[in-house]
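Report on the following structure.
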Amino acid sequence: MKVDEAGYLSGVQFISSPNCDERPPGNKISLLVIHNISMPPDVFAGNGVIELFTNRLNSDVSYYETIRDLRVSAHFFVRRNGGIIQFVPCGKRAWHAGESCWNGRTCCNDFSIGVEMEGSDTIPFTDSQYVALVALTIELSKVYPITDITGHSDIAPKRKTDPGPYFDWNQYKKALLTAKQS
Ligand SMILES: [Zn+2]
């Protein structure tokens, strides 16, 4: 894996999402935001998330009626088996955080990269996902001056709960530290 100048990660699947735009000038990418998502909720198979991020939700699923008009994306999606799909090049602004604030700065999409872990607030993530997330974090940190890694719930606490209580920050940070030292 390697990130090129436009922010495409080599060696992973890329599926283009229209739900992005240019980052406002002068915004260095300094924040990594971890999310969880499953589509429909708690279902980890199928293409619901891909359909959501590409505005092609299957109209046969009734739950999707409630979210049909959402226009959202993330730069990366980490599946349960550790496979990574990129939807937006890091140079562009993905629409993952919504109304948000980190260290007094609002509009976190301007200066962050969004990573969606396939999962929910009620089920642990897989080891393969942590391995993939650590590798991804390290590659991104080589290219961007990332100073903070946080959860969606930390930048939008009144609206969001993800990545949720089952996201093991200790496991992630420990693995990150070990990987950086090796
Ligand atoms: Zn989120």
Side-chain angles (χ1 to χ4, degrees), residues 7 9 12 15-21 23 27 29-57 61 63-64 66-80 82-90 92-103 105-126 129-130 132-134 136-137 140 144 146-173 176:
L9 184 68
V12 304
I15 300 173
S16 183
S17 170
N19 304 330
C20 66
D21 55 7
R23 294 182 186 272
N27 280 278
I29 297 167
S30 58
L31 180 66
L32 195 64
V33 180
I34 313 290
H35 303 256
N36 80 43
I37 191 169
S38 43
M39 228 12 86
D42 294 342
V43 173
F44 301 151
N47 293 322
V49 173
I50 295 168
E51 291 168 9
L52 174 68
F53 287 174
T54 54
N55 304 336
R56 283 186 287 215
L57 280 176
V61 181
Y63 168 74
Y64 291 162
T66 61
I67 56 169
R68 181 161 309 287
D69 295 331
L70 278 183
R71 291 291 173 264
V72 292
S73 65
H75 294 92
F76 298 100
F77 176 44
V78 182
R79 301 217 72 160
R80 301 296 288 181
I84 297 174
I85 301 173
Q86 182 169 19
F87 288 93
V88 175
C90 299
K92 293 211 171 186
R93 178 171 65 178
W95 301 345
H96 59 97
E99 198 181 331
S100 52
C101 182
W102 178 246
N103 281 348
R105 269 181 92 183
T106 56
C107 303
C108 295
N109 285 343
D110 292 357
F111 57 96
S112 70
I113 289 171
V115 180
E116 295 276 3
M117 301 284 277
E118 186 170 32
S120 76
D121 284 5
T122 55
I123 298 166
F125 298 88
T126 69
Q129 287 182 295
Y130 288 104
L133 179 62
V134 166
L136 177 62
T137 305
L140 294 173
Y144 304 109
I146 293 169
T147 52
D148 294 302
I149 303 172
T150 191
H152 199 187
S153 56
D154 297 307
I155 61 171
K158 289 194 184 122
R159 296 188 305 115
K160 295 291 175 180
T161 58
D162 65 309
Y166 283 93
F167 184 78
D168 192 335
W169 285 100
N170 272 338
Q171 179 177 350
Y172 171 46
K173 298 249 162 130
L176 202 56

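Computed from heavy atoms alone, side chains included, the values below leave out hydrogens, waters and symmetry copies. As the structure is a computational prediction, the values presented were derived from the model and not from experiment. All ligand and atom numbering here is 1-based and tracks the order in the structure. Note that the numbering runs from 1 along the sequence shown for the chain.
- No donor-acceptor pair under 3.5 Å is formed between the side chain of Ser30 and the backbone N or O of Thr147.
- A cation-pi arrangement, defined by a distance under 6.0 Å to the six-membered ring centre and an angle within 45 degrees of its axis, is absent between Arg79 and Phe44.
- The atom of His35 that is an N, O or S and sits closest to the Zn ion (ligand 1) is ND1.
- Note on Glu116: not counted as a metal contact of the Zn ion (ligand 1), no N/O/S atom lying under 2.8 Å.
- The residues Asp110 and Arg93 are annotated as salt-bridged, a charged nitrogen and a carboxylate oxygen being separated by less than 4.0 angstrom.
- The Zn ion (ligand 1) lies closest to atom OD2 when only the N/O/S atoms of Asp162 are considered.
- Looking only at its N/O/S atoms, His152 has ND1 as the one nearest to the Zn ion (ligand 1).
- Atoms NE2 and CG, from His75 and Leu136 in turn, are 11.0 Å apart once rounded to the nearest 0.5 Å.
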